[in-house]
Engineer: 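Just dropping this structure here.
Numbering of ligands and ligand atoms starts at 1, following listing order. Quick caveat, the model's predicted, so the values are computed rather than measured.
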Amino acid sequence: MTELRSVEKSVKVKREVLEVSSELMSLMGQFLRQKGFIEILPVIISPITDPLNHSVFNASIEYYDGQYSLTKSMIFHKQLAMRIHPKIFSFSPNVRLETQEKRKSGRHLIEFTQLDLEMRGATREDVMLLVEEMLAHTFAMVKEKFESFLKDANPHFSIPKTPFKHVKYLEALKEYGDEFESVLSEQALEPFWLIDIPIDEREFYDKLDDNEKTLKDMDLMYPYGFNEASSGGEREFEYEQIIDRMKHKGNDFESMKWYLEEVKKGIPSSAGCGIGIERLTRFICNLSSVEEARLFAKVPGELSI
Ligand code: AMP
Ligand code: MG
């Protein structure tokens, strides 16, 4: 049986780290509001959630004769929200019951928070520019406020230089082999975008490019070996295309029926992304693991308070 972690282990987070994390959520929220975004409340349970591209343990709740899933990401709700408002964001709690091997990565928790944003009618490039500007601004403000802490905690802290470099997924794979993401992240001194991810590496909702092989999506990568910061892209929004992509991927249609009914009625085109708050805090504070980036962190393979 899994043991409960001690409270000391569960809360091995420094006060300054919590202050940085709190500040950067506030700064990013302010930045987005100034750009015309509104914050929507997160969805915690729903009959539909992100099927993800990797398997995790089931996290659902029986309710009368139905079932709710705990949110793995708010992707579908963001698409539906586009009907009401053109620019939205949410600090969205995600539960993904990852297997215990994931713990070694230093990047995985089973409960984490994404700053999840979406823009109606936008392109991937619009989202990349927005995120670059948001991070440059946020890092500059955090540097000013936490100068002495960061000097000690993170010798390579710097305000990212925009625009970020674009690296094509297939070219990087060819040059550096299967571990290219880690290799490139370790070599890098600045954040960079990984773009044009092959269709089988991501979910059905990422928009297929005209070449029918790669997606109009992107991952943001941190330098100094901190690896993936964010994933996002343009979304599929047309019913026929979504059905084709679900068939291609082998997705379960029954569990997606509520979503498909809404897509049939029509949803707007959009683009967006999700940025992990614990990973951003870890990167800024130069922490060895996301466990140290939030209070009451839930690490894969353990129970904690
Ligand atoms: P995804 O769309 O699955 O790439 O998730 C979006 C972002 O959420 C990632 O780029 C990470 O920053 C963050 N994230 C995803 N999974 C985890 C996890 N298990 N623990 C912490 N952060 C995560
Ligand atoms: Mg990702």
Engineer: Please verify whether a non-hydrogen atom of Val290 lies at under 4.0 Å from ligand 1.
Structural biologist: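 The answer is no, since Val290 has no heavy atom less than 4.0 Å from ligand 1.
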Engineer: Are the aromatic rings of Phe283 and Phe226 close, with centres under 6.0 Å apart?
Structural biologist: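 For Phe283 and Phe226, the ring centres are under 6.0 Å apart.
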Engineer: Just jot down the ligand 1 atoms closer than 4.0 angstrom to any heavy atom of Gly274, in number order.
Structural biologist: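 Heavy-atom distances to Gly274 below 4.0 Å select 6 (C), 7 (C).
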Engineer: Indicate whether the side chain of Glu101 and that of Thr99 have a donor and an acceptor atom separated by less than 3.5 Å.
Structural biologist: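 Yes - a donor-acceptor pair under 3.5 Å links their side chains.
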Engineer: Between Phe37 and Phe31, does the ring centre distance come in under 6.0 Å?
Structural biologist: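 Centroid separation for Phe37 and Phe31: 6.0 Å or greater.
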Engineer: Which residue and non-hydrogen atom of the protein lie closest to atom 19 (N) of ligand 1, and at what distance in Å?
Structural biologist: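 Heavy-atom neighbour on the protein nearest atom 19 (N) of ligand 1: Leu109 O, 2.9 Å.
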Engineer: Give the contacting part of Ser231 toward ligand 1: side chain, backbone, both or neither, where contact means a heavy-atom distance below 4.0 Å.
Structural biologist: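 The answer is both, backbone and side chain.
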Engineer: Please report the number of protein N, O or S atoms that lie less than 2.8 Å from the Mg ion (ligand 2).
Structural biologist: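 Protein N, O or S neighbours of the Mg ion (ligand 2) under 2.8 Å, waters not counted, come to 2.
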Engineer: Would you mind running through ligand 1 and noting each atom that sits below 4.0 Å from a heavy atom of Ser230?
Structural biologist: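 With Ser230 as reference, the close atoms of ligand 1 come out as 10 (O).
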Engineer: Answer yes or no: does an N/O atom from Leu52 fall short of 3.5 Å to an N/O atom of ligand 1?
Structural biologist: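 In this structure, Leu52 places no N or O atom under 3.5 Å from an N or O of ligand 1.
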Engineer: Would you call Arg107 a ligand 1 contact, heavy-atom distance under 4.0 Å?
Structural biologist: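 Yes.
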Engineer: Looking at Glu261 and Lys265, is there a salt bridge between them, counting it only when a charged N and a carboxylate O are closer than 4.0 Å?
Structural biologist: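 No, Lys265 and Glu261 are not salt-bridged.
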Engineer: Walk me through whether Ser182 and Glu179 qualify under side-chain contact (heavy atoms from CB on, under 4.5 Å).
Structural biologist: CA-CA 6 Å; Ser182 302; Glu179 297 301 311; 4.2 Å; yes
Engineer: Can you list the ligand 1 atoms lying under 4.0 Å from a non-hydrogen atom of Glu98?
Structural biologist: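 Those of ligand 1 that fall under 4.0 Å from Glu98 are 19 (N).
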Engineer: For ligand 1, note which part of His108 has a heavy atom under 4.0 Å away: side chain, backbone, both or neither.
Structural biologist: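 Near ligand 1, His108 shows its backbone as well as its side chain.
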Engineer: Say whether Asp50 and Tyr205, considering side chains only, have a donor N or O and an acceptor N or O under 3.5 Å apart.
Structural biologist: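 Judged by distance alone, the side chains do pair up.
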Engineer: Within the 4.0 Å heavy-atom shell around Gln114, which atoms of ligand 1 are there?
Structural biologist: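 By the 4.0 Å cutoff, the relevant atoms are 5 (O), 6 (C), 8 (O).
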Engineer: Between Glu181 and Ser185, does any side-chain donor sit less than 3.5 Å from a side-chain acceptor?
Structural biologist: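 Glu181 vs Ser185: no donor-acceptor pair found between side chains.
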Engineer: For atom 14 (N) of ligand 1, which protein heavy atom lies nearest, and how many Å away is it?
Structural biologist: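 Here the closest protein heavy atom is Phe112 CE1, 3.3 Å.
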Engineer: If I apply the N/O under 3.5 Å rule, does Ile275 come out as touching ligand 1?
Structural biologist: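 No.
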Engineer: Return yes if some donor-acceptor pair links the side-chain N/O of Ser269 with the main-chain N/O of Phe237 below 3.5 Å, else return no.
Structural biologist: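 Answer holds: no.
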Engineer: Answer with side chain, backbone, both or neither: which part of Arg96 has a heavy atom less than 4.0 angstrom from an atom of ligand 1?
Structural biologist: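 For Arg96, the contact with ligand 1 is made by the side chain alone.
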Engineer: Test Ser270 against every option in Glu118, Gln79, Arg120 by the side-chain hydrogen bond (donor to acceptor under 3.5 Å, both in side chains) rule and name the one that passes.
Structural biologist: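 Answer after filtering Glu118, Gln79, Arg120: Glu118.
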Engineer: Check the surroundings of atom CD in Glu39: do more than 12 heavy atoms from other residues, nucleotides or ligands lie under 6.0 Å from it?
Structural biologist: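 Yes, CD of Glu39 has more than 12 neighbouring heavy atoms, counting only those of other groups under 6.0 Å.
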Engineer: So, taking the atom named CG in Leu24 and the one named CE in Met134, what distance separates them when rounded to the nearest 0.5 Å?
Structural biologist: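 It comes to 10.0 Å.
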Engineer: Applying ring pair (Phe, Tyr, Trp, His ring centres under 6.0 Å) to Tyr222 and Phe192, what does each step give before you reach the verdict?
Structural biologist: CA-CA 7 Å; Tyr222 289 128; Phe192 63 95; 10.0 Å; no
Engineer: Hey, does Ala229 sit under 4.0 Å from ligand 1 if you only count heavy atoms?
Structural biologist: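 Yes, that is the case, since the closest heavy atom of the residue is under 4.0 Å from the ligand.
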Engineer: Atoms of ligand 1 less than 4.0 Å from Glu228 heavy atoms?
Structural biologist: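 In order of number, 4 (O), 9 (C), 10 (O).
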Engineer: Give a yes or no on whether the backbone of Met28 and the side-chain of Arg33 come within a donor-acceptor separation of less than 3.5 Å.
Structural biologist: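 Side chain of Arg33 to backbone of Met28, a donor-acceptor pair under 3.5 Å: no, none is there.
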